[in-house]
Q: 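To start, I am sharing the structure in question, which I have written as structure tokens.
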Amino acid sequence: MKFLLPPFALLVATATAAPTSRNGKQGQEGQQGQQGQQILATFDDLPSLPGVSELNPVGNYRGLKWQGFDVLQAGVAGINAVLPQSGINVAANSIVSDTLQGGISLTPLTAKSFDFQSLYFGCVVNTVETAASAPEQCTVAFTAYKDGKSIAHTTINEPFTPTNPLISKMAKATFPSSFSGLDRLDIAVVQSITPGTLTALEIDNVSYQLNSK
Ligand SMILES: *[C@@H]1O[C@H](CO)[C@@H](O)[C@H](O)[C@H]1NC(C)=O
């Protein structure tokens with residue numbers, strides 16, 4: 001008898017086990033916790049065509065507006081220079097995306113704010129019309145905006161160095177608590193081997209939490 005827990009204790013145990021904290025293990029997608037909704041964006045459930053990204057804006061996806069990103073089918077052999085972290089799709093930005101959509105900016109659709117936790121990223125030399133090319137070293141700036149202010153709260157620069165000159169793995173960037181409670185995140189390639197116009201940024205497995213309050 002002494003191992004039987006009262007219903008109240010079970011309820012507490014269940015609530016505690018829910019993956020709500022930004023430090024917790026990756027939660028089930030779409031799980032609603034006390035603090036917010038944990039998301040892993042992989043772009044794999046978005047339509048894509050091999051090697052063609054510019055006409056497929058990510059748009060509104062998983063609670064965020066992904067300005068400046070297009071869906072790129074990168075996981076097809078021979079198509080790309082940076083391996084997706086999951087599935088065949090990544091989100092890609094290039095000068096063409098910028099021209100059509102403006103610079104890269106993530107904003108919540110209906111959530112009050114979001115906690116930006118981590119992502120995988122890589123840079124490739126951007127050839128005309130496709131992203132089939134070679135990986136290249138780059139530095140990417142992530143700039144956090146909070147509390148409705150137009151002045152940046154924090155900027156972090158993250159380096160990408162190809163693990164292989166032909167087909168590279170992505171690099172992982174993990175963000176500190178200063179990237180919590182954001183109302184906007186701007187992303188920019190601030191340094192690369194080729195001129196900025198010839199560099200495309202690719203991202204995958206983006207983890208964040210949507211906060212309703
Ligand atoms: C990326 O996301 C996929 C799909 O959820 C998952 O299977 C994979 O383990 C993730 N990879 C990393 C390194 O997080």
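For the numbers below, each heavy atom of this structure counts, side chains included, while hydrogens, waters and symmetry mates do not. Start at 1 and go down the list; that is how both ligands and their atoms are numbered.
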Q: Counting only pairs under 3.5 Å, give me each side-chain donor-acceptor contact of residues 137-144, with atom names and distances, residues two or more places apart or in other chains.
A:
{"unit_1": "Q137", "atom_1": "OE1", "unit_2": "Q191", "atom_2": "NE2", "d": "2.9"}
{"unit_1": "Q137", "atom_1": "NE2", "unit_2": "Q191", "atom_2": "OE1", "d": "3.2"}
{"unit_1": "T139", "atom_1": "OG1", "unit_2": "Q191", "atom_2": "OE1", "d": "2.7"}
{"unit_1": "T143", "atom_1": "OG1", "unit_2": "T155", "atom_2": "OG1", "d": "3.1"}

Q: Evaluating non-hydrogen atoms only, which member of S118, S207, S86 is closest to atom 3 (C) of ligand 1?
A: S86
Q: Just by modelled atom types, is the L46 backbone N or O under 3.5 Å from a matching donor or acceptor in the N89 side chain?
A: yes
Q: So, D186 versus S105: side-chain donor-acceptor pair below 3.5 Å or not?
A: yes
Q: Could you tell me, atom by atom, which parts of ligand 1 come under 4.0 Å of a heavy atom of Y120?
A: 12 (C), 13 (C), 14 (O)
Q: Under 4.0 Å from ligand 1, counting heavy atoms only, is it the side chain of L40, its backbone, both or neither?
A: side chain
Q: Suppose I only count heavy atoms of N205 and a 4.0 Å limit; which atoms of ligand 1 are within that range?
A: 1 (C), 2 (O), 3 (C), 8 (C), 10 (C), 11 (N), 12 (C), 14 (O)
Q: Not counting sequence neighbours, which residues clear side chain to side chain contact (heavy atoms under 4.5 Å, CB included) with S178? List them please.
A: H153, T154, P176
